[in-house]
Structure formats: structure tokens, C-alpha cells
**Student:** 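Here you go, one structure.
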2 protein chains.
Amino acid sequence: MNLKDLEYVKAIAHFKHFRKAADACYVSQPTLSGQVKKLEQELGVTLFDRSTKQVTLTVQGERLLTQIKVILEQTQILKELAATSSAPLQGRVKIGIIPTIAPYLLPTLLTSMKEAFAESQFAFVEMQTANILTALDNGELDIAILADVPELKLYHTVNIYKEDFLVAMSNQNNLAKRDKVALDELQSCSLLMLSDGHCFKDQAQQFCFAAGVDVSNEYQGNSLETLLALVAMDDGVTFVPKLACSERIGIRYLPIFPTQQRRVVLACRKHYPHLAGIELLANWLSEHPSLRQQLTKVLN
Amino acid sequence: MNLKDLEYVKAIAHFKHFRKAADACYVSQPTLSGQVKKLEQELGVTLFDRSTKQVTLTVQGERLLTQIKVILEQTQILKELAATSSAPLQGRVKIGIIPTIAPYLLPTLLTSMKEAFAESQFAFVEMQTANILTALDNGELDIAILADVPELKLYHTVNIYKEDFLVAMSNQNNLAKRDKVALDELQSCSLLMLSDGHCFKDQAQQFCFAAGVDVSNEYQGNSLETLLALVAMDDGVTFVPKLACSERIGIRYLPIFPTQQRRVVLACRKHYPHLAGIELLANWLSEHPSLRQQLTKVLN
DNA sequence: TTAATATGATAGTTATTATCTATTAGTTGT
DNA sequence: ACAACTAATAGATAATAACTATCATATTAA
């Protein structure tokens, strides 16, 4: 059975005239006749009485027409449902976000983001990179916001922003008067690091190693905030991504040279159904004024 | 959009597996993939998330699946309606029947006829032939039971039975002792006839004319019963179809020679939708025992 | 009645599209 | 790394919906 054929029947019943119905359905009259005949054979019921002057429905035809109309109405509803739900990222969207981004990105963006994507119900979960990736695989997460790592080759990613790393040190530190600092100048200071699993730690450790700078592992903080508290007490220095560099009493942020950066991306499964929505969201994020402002602000 | 495609979607949602769904739908997996993809494009909605280990419905897919199931259910109902209403002569059937048949055929058959065609609601209307034919044209009647006449060439007809004409006369009539009578022997009697419009009158008049017998038109009865009442009072003789020859006080029925007959047929429009039902009904009628018995009973 | 008009059915052909088989790309599990 | 599995793709074929042209029949008008 075919929905088109049901439309034909409805049209003939309405016009009581094959040619007029055919015109209304944008097909030729023989097509209409043929298809209706086929449907009648399939149903085993003669729907129309073509023998009287006017084409009329048979008794059975009348009964079946009611049901045919029901089907066509429900089909129309399906189409309308589809049309209204075709907005990108419709419905619940679970987003994983790493701990070195979440607290600095979300507060400023969350409200306007909810407004901009009103059809979506975002749920954010703070997780470390490795967990995020398996959660993406399982479908527990739809999207992730995290720093670019080689593993992301297996996923679909869109850039959101690049951010510099700075060194955070106490005002008392003898480097604090400088306006920038070279990596190897940090050799003398004790470098505070995040605990294992934070991709930020891996990356910092990596470029320290490349610059031949030793890293003391005597203390590993669970969050940047903890580390910064230690830094404020002049217990060491640490690296901080630019977004996290809000004014803090007793702390000075210095640019590093050569510049160290990380790329923050939006990631999802390679064949995530709503890639278009992902692009849209990433674009919206990357162009958000308050984000741009935070990334470019001059630190005193 | 296509109902088959909706079936495919339902199957995939059920099995969460394209190949299994394809098997269940008796098509190949590529066919399934292709058709679902086409449907997704048509609706502008991605129904399935094929990127996770298990195929799952997207949020929109879940919403639409509910509606898809509604459509398929309603389609099933349509099929069932068609199947149950495919019995021949389903519903109201209006039957026209001529006055020289109705009172003799219906009483014996009506009850068992209703039983045999339980799905039909028969409505009988007693009409003369000419009116019956126009009523068939207008769709006011579906079927007619009447004596065969040339005009029926334009209609679809099926034989029900042939019946002899007999002469009804008073016991007092001087021909009443005979066991049969020749047409021209009636010349002496006054021949009572039905009024104009009765095909039975036309036919009787016709074969009287052919036999060179004069017909007095001094009295035209409106029904056979009236004529027979006159006959009983020996006011004349009349022709009676065999079926009407029930035992009546003071009346004797005699066969005519050469035998005169009429053919009683079931008629409908040439393209009446339920010709199969017509055949069935005609067949049932012609084989009905009490009809056969009435047609062959020996009159004393 | 004959001619003109209208209507749905039929025949034959073409275009469309649903389906198939074979293969590929990408995953998963051993 | 390799075998097994799954969905997507490519290309060919079969099914069928569609068209044009024509017919049969019925209705209307001259």
C-alpha cells in the first residue's frame, strides 16, 4: 500500500471526478485510474462506483475513506513533527568539559548560551579527557569541550579558541618585576603541577621537558585554584591558561617565551548525527564577545 | 513518503541493528540503509545515531517513532476494515422487485436470505419495471428482481428461474374440467388483465395477440390478487405466473399450450461494483429449495 | 437521429525508484 | 595484528509509477 494512492482516493472522493482529482494530485488521469484500481485490488474492495453518472463511493468505500483520512492526517502530523524538530541540537545535549576549562568558561557563557540555543537542554559534566572520550563512545556524552590531544584524531573536532599559558607567581617572587619570562628561567622556582590525569599537566610537563626544565613532583594539586592559593603564599610557581588568569591578590601573571599555547576544541563522535549543530555551537562559542575579551585582555 | 520506509524505521528501532531489521523486513541491508537515509533526508531529521556501538534512536527519532507507529497502526486498521468488508454485498443493498413477483417470492425466502447474507441489510421496494430501471441508473437501487425484457440488454443480468404461465379460472367455468387449455380456447372467456405498466400485462397481451386472441380491456386490476378475486366470482379468466398459484377456494389453474413462460432475472447496472456478489445472490436464489418446490409443484 | 462533448478505461512506452549483489570502510574482539 | 562484524557505497537490474495516445461509452445539443 502506498500513501500516494490514499491521497488519490481522497481526491476522487472529494471531486467525484477522476480528471479533476488527477489535476489536483498533479498526475495524469490514467495514472490515477491505474493506481486506484491497484489499491482496490490490494484491499479486495471496490471503493468507487463508476457506473452511475457521477462517480460515487461504494458503501465500503465510504467506510474505508474515513480510515484513509485518519492515516493521511497522522502522516501530516509526522511531517510537521519532523519540520519542527529539525532545529540543530534539539532536545537533551550532554556536554563533557575538562576541569581546567569549565570553571572559567562556563560562568560567563552559560546564560547567553541557553538563550541562543533555546531548543536544547544542555547538561554539563566536568570530567578529565580520558573519561570524556570513553563517555563519548558510549553515548553518555554528546559533545565535549577540551584541549586538543592526539587521541582526538578519532573524533570530529572544531576549534573554539587558542589560549596562551602564563606563569603565575607571587608578587614577592624575584621574577615578578619582569614583563615576561623565559621557560628556563623557571628552573630556580619550584613548579607546581596538577595531579595525574589532567591533560593540562601532561602538556606543561611536556614543554618543560622540551626546554630542559626539571619539574618537582612534591605537590600535585587537584585544581588550578588550589595551586594558585599555594602560589599566592610563594610556595612555588605554576602555569595557568589565560582564561583562568583573573585578578588575584598577591599573584602576578607573566607571559612565557617562547609562547606556549593550547587549542581548545569542541569534540564529538565522528558520525554524530548533528554535526551541523556542532559547527553552529562551536562557531557561536568562538565568536562570543566575553570569551574573546577574556582571551585578549591585558594583565597588569 | 512511503509506508514501507516507516516499517523499516520501526524495525531498526526494534532490533537496533540494520541487518536484523532488514531480515525481518525481507529486504537486503543496503536497501534498508538506502531507504531510511532517503526518508531521513525527506524529513530533514536524522532518526538514528549510527556512531555508537549500538544503533540508537536520536532524540528526534524517538519523537517521530511514536508518530510512525501511530500511522502504521492506523494502516493496519484500514487493512482489517477492508478485509472484513470485502464480503460480497456488504452493507445496505436496495432491491427493486416487480409486483407480480414480490408477494410470491419474498415471504418464503426472506428469512433464510437474511441468514445467508448476514452482512447485508436488504431493503426491498416494489416497483414496476420502468421505474426500476431509472432507479438503477440513479443509484437509488442496487439490484432488481424482474422479468426479462429487451431493455435489460443495457444492464447486467443473471437468470434466477423460468416460470410457466397458467390460466386461472373459476371451478364453475366450462373449461375447468380440462387438464390443459390452448390459448385460443380462451377466446370465449373474458380475459382479465393488469393495468398498464405491469410488464406481465404487456407479455400476456403480446402472446394473446400472437395467438389471435382478443383481450377485453373492460377491467384492469392493480394486482394479481384483485384479478383472482374476480376470477373466483367467475367474472373472467386471467393468466397467472406459476409462483402465484397457491390453492385458492373456487379457483382452478390450468397449464396452457403452447407453454408460455417468463424468465425472472436479477439485474444491476452494467458496472455495478459487486458483480461477484450479484452472481452469488442469484445463484443462492435459483437454488433455493422452496423456490424450486413452488416452481415444480403439481396443481390439483 | 447524428454530431459533439465528456469521462473513465486501456495499451504501450518511458522514467523513476526500489531492490539486489558485491565491495568498502570502519569497529570490535581475540 | 588479524578475523569477524556492521553499516555504507557503487553499480546493475527489476519493479512500478508515470506519461501520451487512444478507445468505449454515456451524455448533451443541434
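A note on names: the letters A, B, ... follow the listed sequences, proteins ahead of strands, and every chain is numbered from 1. The structure displayed is predicted, hence computed values, not measured ones.
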**Student:** Have a look at B:K38 and say if it touches a base, only the backbone sugar-phosphate, or nothing, with a 4.0 Å heavy-atom cut-off.
**Tutor:**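 Sugar-phosphate, no base atom in range.
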**Student:** Nearest heavy atom decides the nucleotide; on that basis, is B:V27 or A:K270 closer to the 5' end of DNA chain C?
**Tutor:**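 Whichever sits nearer the 5' end wins; that is B:V27.
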**Student:** Rounded to the nearest 0.5 Å, what separates atom OG1 in B:T46 from atom NE2 in A:H274?
**Tutor:**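 It is 6.0 Å, given to the nearest 0.5 Å.
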**Student:** Answer yes or no: does a side-chain N or O of B:Y8 lie under 4.0 Å from OP1 or OP2 of C:dT19?
**Tutor:**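 Answer yes for this pair, as a side-chain N or O of B:Y8 is under 4.0 Å from OP1 or OP2.
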**Student:** Are any of A:H17's side-chain N or O atoms less than 4.0 Å away from OP1 or OP2 of C:dG8?
**Tutor:**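 True: A:H17 side-chain N/O within range (under 4.0 Å) of C:dG8 OP1/OP2.
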**Student:** Hey, does the side chain of B:K4 come within less than 4.0 Å of C:dA18's phosphate (OP1/OP2), counting only N and O?
**Tutor:**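 For B:K4, the contact criterion (side-chain N or O under 4.0 Å from OP1 or OP2 of C:dA18) is not met.
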**Student:** Could you state the CG-P distance from A:L154 to C:dT27, rounded to the nearest angstrom?
**Tutor:**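 About 7 Å, once rounded to whole Å.
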**Student:** Establish, with yes or no, whether the OP1 or OP2 oxygen of C:dG8 is under 4.0 angstrom from a side-chain nitrogen or oxygen of A:S33.
**Tutor:**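 A:S33 to C:dG8 OP1/OP2: no side-chain N or O under 4.0 Å.
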**Student:** Could you check how far CZ of A:R269 sits from C1' of D:dA7, rounded to whole Å?
**Tutor:**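 For the pair A:R269 CZ and D:dA7 C1', the rounded distance is 16 Å.
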**Student:** Between A:R50 and B:S28, which is nearer to the 5' end of DNA chain C once each is assigned its nearest nucleotide?
**Tutor:**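 Whichever sits nearer the 5' end wins; that is A:R50.
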**Student:** To the closest 0.5 Å, what do you measure between CE (A:M1) and CG (B:L3)?
**Tutor:**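 These two atoms lie 7.0 Å from each other.
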**Student:** What is the distance from CG of B:D23 to C1' of C:dT19, rounded to the nearest Å?
**Tutor:**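 Rounded to whole Å, this separation is 15 Å.
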**Student:** Picking from D:dA18, C:dT19, C:dG8, which would you name as closest to the side chain of B:T31?
**Tutor:**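 Among the listed nucleotides, the one closest to the side chain of B:T31 is C:dT19.
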**Student:** Quick one: B:L39 CG to C:dA18 P, roughly how many Å, whole number?
**Tutor:**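 Computing the B:L39:CG to C:dA18:P distance gives 11 Å.
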**Student:** Check the angle between the aromatic planes of B:F124 and B:F122 and answer parallel, tilted or perpendicular using the 30° and 60° thresholds.
**Tutor:**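 Rings of B:F124 and B:F122: tilted, 30 to 60°.
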**Student:** Between P on C:dG26 and NZ on A:K153, what's the gap in Å once rounded to a whole number?
**Tutor:**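 After rounding, the gap between these two atoms is 16 Å.
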**Student:** If you count the non-hydrogen atoms of other residues, nucleotides and ligands that lie under 6.0 Å from CG in B:N159, is the total more than 12?
**Tutor:**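 Result for CG/B:N159: enclosed.
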**Student:** Can you tell me the distance, in whole Å, between the CG atom of B:L3 and the P atom of D:dA17?
**Tutor:**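 Spelled out: CG on B:L3 to P on D:dA17 is 13 Å.
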**Student:** Counting only distance, no hydrogens or angles, is the base of C:dA9 paired donor-acceptor with the side chain of A:Q29 under 3.5 Å?
**Tutor:**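 When only heavy-atom distances are counted, A:Q29 does reach the base of C:dA9 through a donor-acceptor pair under 3.5 Å.
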**Student:** Given atom CD of B:E7 and atom P of C:dA18, what is their separation to the nearest angstrom?
**Tutor:**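 In whole Å, C:dA18 P lies 15 Å from B:E7 CD.
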**Student:** Can a donor-acceptor pair be found, under 3.5 Å and without considering hydrogens, that links the side chain of A:E163 to the backbone of A:R262?
**Tutor:**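 No, the answer is negative, given that no donor and acceptor are paired below the 3.5 Å cut-off.
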**Student:** Of the options D:dA7, D:dT9, C:dC20, whose atoms approach the side-chain atoms of B:P30 most closely?
**Tutor:**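 Of D:dA7, D:dT9, C:dC20, D:dT9 is nearest to the side chain of B:P30.
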**Student:** Look at the side-chain N and O atoms of A:K37 and state whether any lies under 4.0 Å from the OP1 or OP2 oxygen of C:dG8.
**Tutor:**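 Indeed not, no polar side-chain atom of A:K37 lies that close.
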**Student:** Taking atom C1' of D:dA7 as reference, at what distance in whole Å does atom CD of B:Q35 sit?
**Tutor:**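 Atom CD in B:Q35 sits about 16 Å away from atom C1' in D:dA7.
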